[in-house]
Undergrad: 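The structure under discussion is supplied below as structure tokens; questions concerning it will follow.
Positions are given from 1 along the sequence. Just follow the structure's listing: the first ligand is 1, and inside any ligand the first atom is 1.
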Amino acid sequence: MSVQSKSCTCRNETEQEKYDRIAEVIEEYRDTEGSLIQILHMAQGIYGCLPLRLQQFIAERLGMPLSEISGVVSFYSYFTTVPRGENTIRVCLGTACYVRGGKKIIEKLREILSVDVGGTTADGKFTLEVMRCIGACGLAPAITINDKVYKQVNPDKLPGIIDQY
Ligand code: FES
């Protein structure tokens with residue numbers, strides 16, 4: 001008996017299919033208290049970001065003013081209106097990390113990735129962001145890539161770390 005591997009097809013999902021899934025999420029959560037944040041999280045998970053057109057769609061479905069949706073999207077730094085890279089690199093700029101070279105880490109990453117803070121590389125692989133203290137101050141400077149924390153990072157270590165992705 002042969003075993004056929006099923007490859008994931010979600011990357012090929014059409015725009016319409018994504019909107020249909022988001023519409024389902026809205027119907028499912030609309031009556032839950034505090035549902036707007038949940039809906040926005042899930043919509044971003046499905047679509048990759050929350051462009052104005054999608055915010056408009058959510059506003060219409062929920063019967064809310066677009067300004068209210070946009071206000072929430074712009075308030076929380078987690079939400080983004082442009083697509084993020086496959087991997088998100090965040091450099092800690094809390095006091096300890098800043099003092100111990102956080103700025104040099106950013107400079108090196110900008111150089112390696114050819115991208116500014118807040119930007120995404122041309123190949124869509126990395127988004128570079130800064131963040132506040134993550135509680136690793138004793139081993140500063142720290143960065144995160146997706147959910148993984150890297151401590152005592154120095155600029156020379158960065159190419160090796162980036163290569164793992
Ligand atoms: S200041 Fe960077 S981990 Fe605390």
Undergrad: Looking at R21, E15, E13, K18, which one forms a side chain to side chain donor-acceptor pair (under 3.5 Å) with Y47?
TA: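 Per the side chain to side chain donor-acceptor pair (under 3.5 Å) rule, the option paired with Y47 is E15, out of R21, E15, E13, K18.
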
Undergrad: With salt bridge (Lys or Arg N to Asp or Glu O under 4.0 Å) as the criterion, how do E111 and K108 come out once you've worked through the C-alpha distance, each side chain's angles and the decisive distance to 0.1 Å?
TA: CA-CA 5 Å; E111 181 196 314; K108 185 70 178 179; 3.8 Å; yes

Undergrad: Could you tell me if the side chain of I46 sits less than 4.5 Å from the side chain of Y19, heavy atoms only?
TA: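 Result no, sub-4.5 Å side-chain heavy-atom pair not found.
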
Undergrad: Quick one: closest heavy-atom pair of T144 and M131, and the distance?
TA: CG2-CE, 3.7 Å

Undergrad: Just so I know, are the side chains of V115 and R110 near enough to count as touching, which here means a heavy-atom distance under 4.5 Å?
TA: no

Undergrad: Short of 2.8 Å from atom 2 (Fe) of ligand 1, name each protein N/O/S atom, waters not counted.
TA: C92 SG, C97 SG

Undergrad: Please verify the inter-ring angle class for Y78 with H41; under 30° counts as parallel, over 60° as perpendicular, anything in between as tilted.
TA: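 The rings of Y78 and H41 sit tilted, inter-plane angle from 30° to 60°.
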
